[in-house]
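What follows is one structure encoded as structure tokens, with my remarks underneath.
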Amino acid sequence: DLGYVAGPREYGNALHKGIEHYIQEFGKRIPARANEKLFEKLKDSFLAHGFEDFYLARENVRLERVANDLIAFWKDRGMEHAENVWTEIPGSWKLDDVNFTLTGQPDLIEKQDGSYTIFDYKTGGFASVKEIIAGFDPQLPLLAAMTEAGAFKKVPSGPVDDLQYVRIKGSGEGEIRATSIVKSRNGLSAGDYQAGALDDLKKLILAFDKKETAYTSQPRIKFKNDYGDYDLLARRSEWARLVDEGGGNGS
């Protein structure tokens, strides 16, 4: 598109897609010159997501660090000795008791010693254990529940014993940082996370099945953004102006 400028969302998508293409080609193997191969996948992905050559000229150092750090991370984990790995496989799971189909697509599923670890790659921050337990970020627990239910094609159903965020930035020192929300302080077992997330989801579905339940654009004050996907539909800016001008509330 004319005037199109790739931004932070495209940056994150490009990183995810480059990693996906590498894993799809090599799987759990760490081939010769793996760093260079991953680096090339990342560069191709950035070009495909609308980043210009001049942007990559200054971004190459960061992408090289990402490639080097990720390969080192996978080696340290012993990914080569895993039973298998799967990346970006879409899945769906029908929750019959609430007549709802849950869909998801994990960044990476790794099977070692008969059980699974689910990974979520992040280019920015990620939720704390407290926030996940409180229900603010149920993605990893729900993906774990889907994995145990056999919701992903070619991934046999089986137990999930770990859930990890992997922070990727490629700047500074030690920017690849894996955080297990299972092994973290005050963390729960993978099963307990799943049970809590599923219970919260089903309660939410039942609540929104009621026609009197309002659909608010940004219901959680702590996580309020400058602009949300549904702000225009909710006419948020108009209501905000009324409050600023002393209107509303019957005024």
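All residue numbers in this chain count up from 1 along the given sequence. For clarity, every value in this text was computed on a predicted model and none was experimentally measured.
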Test W74 against L38 for side-chain contact (heavy atoms from CB on, under 4.5 Å), laying out the working first.
-> CA-CA 12 Å; W74 290 333; L38 178 54; 4.2 Å; yes
Grab the two heavy atoms, one from K17 and one from H49, that are nearest each other, plus how far apart they are.
-> CB-CE1, 3.7 Å
Could you go through the side chain to side chain donor-acceptor pair (under 3.5 Å) check for T117 and D162 one step at a time?
-> CA-CA 5 Å; T117 299; D162 202 7; 4.6 Å; no
With side chains defined as the heavy atoms from C-beta onward, is the minimum distance between P106 and Y116 less than 4.5 Å?
-> no
V98, M146: one ILVMFWY side-chain cluster at the under-4.5 Å cut-off?
-> yes
Would you indicate whether the side-chain heavy atoms of L63 and L56 approach each other to under 4.5 Å?
-> yes
Tell me, do L95 and L201 make a side-chain contact under 4.5 Å, heavy atoms counted?
-> yes
Value for NZ (K43) from CD (E64), rounded to nearest 0.5 Å, stands at 8.0 Å
E110/R77 salt bridge by N-O under 4.0 Å criterion = yes
Residues 148-157 side chain polar contacts: donor-acceptor under 3.5 Å, at least two apart:
| from | atom 1 | to | atom 2 | distance (Å) |
| --- | --- | --- | --- | --- |
| E148 | OE2 | V160 | N | 2.8 |
| E148 | OE2 | Q194 | NE2 | 3.3 |

Pairwise distance CE(M79) to CG(N84) - rounded to 0.5 angstrom | 10.5 Å
Point-to-point distance, once rounded to the nearest 0.5 Å, from NZ of K202 to CG of D200 = 11.5 Å
Is the backbone N or O of A195 less than 3.5 Å from a side-chain atom of D199, with the two atoms forming a donor-acceptor pair by type?
-> no
Between the side chain of K37 and the main-chain N/O of A32, is any donor-acceptor distance below 3.5 Å?
-> yes
Does V129 belong to the same Ile/Leu/Val/Met/Phe/Trp/Tyr cluster as F136, with side-chain heavy atoms less than 4.5 Å apart forming each link?
-> no
Verify the cluster assignment for V66 and Y165: are they in a single hydrophobic cluster under the rule of side-chain heavy atoms below 4.5 Å apart?
-> no
Check whether more than 12 heavy atoms from other residues, nucleotides or ligands sit under 6.0 Å from atom CZ of R58, and answer yes or no.
-> yes
Find the distance between CD (Q24) and CD1 (I19) and round it off to the nearest 0.5 Å.
-> 12.0 Å
Criterion side-chain contact (heavy atoms from CB on, under 4.5 Å) on W93 and T147, from CA distance to verdict = CA-CA 10 Å; W93 181 27; T147 301; over 6 Å; no
Atom CZ of F39 and atom CD1 of I71: how far apart are they, to the nearest 0.5 Å?
-> 13.0 Å
Flag, side chain of S184 to backbone of G187, donor-acceptor distance under 3.5 Å | no
Check whether any side-chain N or O of E131 sits under 3.5 Å from a backbone N or O of D137 as a donor-acceptor pair, and report yes or no.
-> no
In the single-linkage hydrophobic clustering (I, L, V, M, F, W, Y; side-chain heavy atoms under 4.5 Å), do L42 and I23 co-cluster?
-> yes
Note, K122 side chain near I168 side chain (heavy atom, < 4.5 Å) | no
Heavy-atom distance under 4.5 Å between the side chains of I181 and Q164, does that happen here?
-> no
When the ring planes of F119 and Y121 are compared, do they come out parallel, tilted or perpendicular, using 30° and 60° as the limits?
-> parallel
Is the backbone of K41 close enough, under 3.5 Å, to the side chain of S45 for a donor and an acceptor to pair up by distance?
-> no
Of all the heavy-atom pairs spanning D107 and E88, show the shortest one and how long it is.
-> OD1-OE2, 3.1 Å
Closest non-hydrogen atom pair between A144 and I118, with its separation = CA-CG1, 4.3 Å
Counting N and O atoms only, with roles assigned by atom type, does the side chain of K94 sit under 3.5 Å from a partner on the main chain of T101, one being a donor and the other an acceptor?
-> no
If we only count heavy atoms from C-beta on, is the I109 to V85 side-chain gap below 4.5 Å?
-> no
Give the intermediate values and the outcome of side-chain contact (heavy atoms from CB on, under 4.5 Å) for residues R29 and E80.
-> CA-CA 5 Å; R29 294 187 298 114; E80 289 178 287; 5.5 Å; no
Answer yes if V166 and L163 sit in the same cluster of Ile, Leu, Val, Met, Phe, Trp and Tyr residues linked by side chain heavy atoms under 4.5 Å apart, and no otherwise.
-> no
Please state whether the rings of Y55 and Y11 are parallel, tilted or perpendicular, taking 30° and 60° as the class boundaries.
-> perpendicular
L15 side, atom CG; R62 side, atom CZ - distance, nearest 0.5 Å = 9.5 Å
Verdict with supporting geometry, F126 and T179, side-chain contact (heavy atoms from CB on, under 4.5 Å) | CA-CA 10 Å; F126 48 82; T179 299; 3.4 Å; yes
